[in-house]
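In this text, all values refer to a predicted model and were calculated from it rather than measured experimentally.
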Amino acid sequence: MQFHLNGFRAGDPMIEPAAEGAPRIGMPDAVDVLIVGSGPAGLVLAAQLSQFPTIRTRIVERRSGPLRMGQADGVACRTVEMFNAFGLSDRLLREAYWVNETVFWRPDAHDRDAISRTGRVQDTETGLSEFPHVIVNQARVQDYLLDVMRRSAERIEPDYDLEAIDIQRDETGEFPVRVTLRRTDASRLGEQVTVRARYVVGCDGARSAVRTAIGQTLRGDAANHAWGVMDALAVTDFPDIRLKAAIQSASKGNLLIIPREGGYLVRFYVDLGEVTPENRDGIKQISVDRIIETAQHILHPYSLDVKEVAWFSVYEVGQRLTDRFDDALTADGTAREPRVFIAGDACHTHSAKAGQGMNVSMQDGFNLGWKLGAVLQGQSDAGLLRTYSDERQPIAKALIDFDKEWSAMMAAPPKDPNRPEAGGVDPAELQAYFVRAGRYTAGLATHYRQGVLTGAATHQALAGGFVIGTRFHSSPVVRIADAKPVHLGHAARADGRWRLYAFSDAKRSALQALCAHLATSPDSVLRRITPENADIDSVLDLRAVLQEPHRDVRLEDLPALLLPRKGRYGLIDYEKAFTNDAATDIFGERAVDRERGALVVVRPDQYVAHVLPLDAYDELAAFFRPIFRMH
């Protein structure tokens, strides 16, 4: 990380100097963004918006304080990548359980009343991400994000004991959305507060009042299978209790074991069978003792002695989705500028088995946050906000389709070799599907379609490993100025800036020409986008990767744009230029054309927006023209 740019500051560099008047006490009459709900989606959005001190952001929550025990626990590789941009990955990885391997158990071939291990696989394919799939309580994940907000210049803290009960657009003035809030604390129960906002984002869960206000409905399959889930401290002789385990029993149902952080706690997802109209009420009343008893039967011949249950719940699997994630269409189908958005469970619900709900929700917030920042800071026109629903709704649909398949396989009984007519899932098929679906469970299946923010694949061959529309896949490099081995993607922070990664051509001439054009040409997209008197990298952050060993590169030979002068003192930023790390070779690993090089354009949410030749100045400007206001 970098700090002291605008003068020396003692103390924790992660804490920004407080803005005048921060923290803001009491709900103001008007805000730029009002977030309803402090779940994963809402807090990622708030954490992102907290990086823009000129934007007035407030978040309201009907609970009386932060979440203490969360339902979700799986943190996908992609989410850890995102957390790294917020400066949170080290804390997360230190505290979490790492899911390294997954084991599969089925009815024993000689005694179908018992179970035996039939497979053991690596949980995440090698090279898929530099980060692991981890497990940590949702409440801790939210604590990390709250810390980001508290360390920001605005010192943002949720306003608790407030729920939204009405949202109206009147299209008048700067703040066209009127929100009526109701207090939920006992001392002021029922009191109402009205606040006006430029934009409202509903992250208020599956029973979202914001979703109802914009006329959207969750559609999809009715839940038809019940699962009991418990976090327990237990003594057992089951040998794989500290591994993720998918267990199929012959007749007692299925079980998914997820070890938890801390070394002792374990989560059990226990199959409670089909849900019918006749048994639905009874299933909702199932006790924790019934969940424990079912788990004990499934684990036979192994014992399970539960000493303490920290939390348990019974839920029905249902996958549902709204048609849109915003209010860009009126009830009669007329298009308008979106002002109210929904994210997370407010617009898509998943089962817990695929571990997607919390992760996809947080990616919703990350996608929307930088776009709101660009619009509210005047960098982009409001039309940019239409891309939120256009991008995220199809992604949610694809993940729900995967979730349906995976949940059905997890709930199905194992095939009985002696009774093939009875149907069921072959345990080998379950294991093979798990391996094939690795990109989904790692959170890396997102592939945005060509559009305003995603360029055509015309020049994809220049950098085949940076697939346009997918997340930027980081790789090790060496920073030239201090010879430090780093991951290239880790240079990007969650600060709303776009990244231009220029991979040098063999002779370095095209890279030199690109830097000269961006720095001096009247047609330079960098100069036309950067606000007057702002640092040259305040909107587009250029980084370069050379091919020579770092000791063969003279710092003084680098283009001035790769040693920019910044801040109040005009200090030099020495962290813009890197070289290939011979041990991994990013050019080979990511299939970058060594002769011609490549320019990889990356969005603020870490997705590859375009791949271009180093000399494609006009194409670069044409790509950014619909996104940014040009000076």
Side-chain angles (χ1 to χ4, degrees), residues 455 458-466 472 475 477-484 486 488-489 491-492 497-530 534-566 570-582 585-602 608-624:
T458 309
H459 305 291
Q460 181 68 78
L462 291 175
F466 295 115
F472 180 80
S475 187
V477 290
V478 177
R479 198 161 59 205
I480 293 172
D482 58 359
K484 182 178 180 179
V486 295
L488 181 61
R497 291 188 294 168
W498 288 69
R499 266 76 199 183
L500 303 178
Y501 293 104
F503 290 86
S504 179
D505 54 309
K507 296 180 179 180
R508 222 197 292 174
S509 57
L511 175 63
Q512 295 276 4
L514 170 68
C515 291
H517 169 80
L518 291 176
T520 63
S521 172
D523 298 324
S524 163
V525 68
L526 181 62
R527 295 181 62 183
R528 296 190 63 193
I529 288 174
T530 305
D535 288 335
I536 193 63
D537 63 352
S538 61
V539 180
L540 300 182
D541 179 15
L542 175 68
R543 312 269 174 159
V545 184
L546 279 58
Q547 299 189 38
E548 303 94 323
H550 70 277
R551 292 181 179 177
D552 294 346
V553 179
R554 288 168 22 113
L555 198 69
E556 57 268 33
D557 291 340
L558 292 176
L561 193 58
L562 297 179
L563 294 166
R565 292 183 174 272
K566 299 164 51 179
L571 301 180
I572 299 172
D573 186 342
Y574 291 99
E575 300 191 3
K576 300 295 189 184
F578 308 84
T579 61
N580 199 26
D581 186 332
D585 182 19
I586 191 172
F587 282 80
E589 195 172 51
R590 299 290 174 259
V592 178
D593 189 312
R594 295 182 190 274
E595 186 63 29
R596 300 178 59 196
L599 182 64
V600 180
V601 182
V602 180
V608 178
H610 218 336
V611 172
L612 293 167
L614 291 172
D615 60 358
Y617 312 146
D618 291 342
E619 285 184 75
L620 181 65
F623 174 73
F624 278 124

- Item | Thr458: partners by side-chain hydrogen bond (donor to acceptor under 3.5 Å, both in side chains), with sequence neighbours left out | none
- Query: Counting distance only, does the side-chain N/O of Arg528 pair as donor-acceptor with the main-chain N or O of Asp523 below 3.5 Å?
  - Reply: no
Could you list the donor-acceptor pairs under 3.5 angstrom formed by side chains in residues 611-621, with sequence neighbours left out?
from, atom 1, to, atom 2, distance (Å)
Tyr617, OH, Ala513, O, 3.4
Glu619, OE1, His459, NE2, 3.1
Glu619, OE2, His459, NE2, 3.3

- Task: Check for a donor-acceptor pair, side chain of Glu548 on one end and backbone N or O of Thr579 on the other, with a separation under 3.5 Å.
- Result: no
- Relative to the ring of Phe472, is the ring of Tyr501 parallel (under 30°), tilted (30 to 60°) or perpendicular (over 60°)? parallel
- Message: Under the side chain to side chain donor-acceptor pair (under 3.5 Å) definition, can you give me all pairs with a residue in residues 535-546, not counting sequence neighbours?
- Response: Arg497-Asp537, Arg499-Asp541, Asp537-Lys566, Asp537-Lys576, Asp541-Arg543, Asp541-Lys576
- Item | side-chain hydrogen bond (donor to acceptor under 3.5 Å, both in side chains) against Arg565, all qualifying residues, sequence neighbours excluded | none
- Message: Among Leu462, Asp593, Val592, which residue satisfies the side-chain contact (heavy atoms from CB on, under 4.5 Å) criterion with Phe503?
- Response: Val592
- Supply the atom-to-atom distance Leu599 CG to Phe466 CZ, rounded to the nearest 0.5 angstrom. 11.5 Å
- Under the salt bridge (charged side-chain N to carboxylate O under 4.0 Å, His left out) rule, collect the residues that match up with Glu589, sequence neighbours excluded. none
- Task: Quick one: do Leu562 and Leu542 satisfy side chain to side chain contact (heavy atoms under 4.5 Å, CB included)? Show the steps, please.
- Result: CA-CA 7 Å; Leu562 297 179; Leu542 175 68; 4.0 Å; yes
- Query: Is a side-chain N or O of Asp573 found less than 3.5 angstrom from the main chain of Glu575, in a donor-acceptor match?
  - Reply: yes
- Quick one: list whatever passes ring-ring contact (aromatic ring centres under 6.0 Å, His included) with Phe578, sequence neighbours left out. none
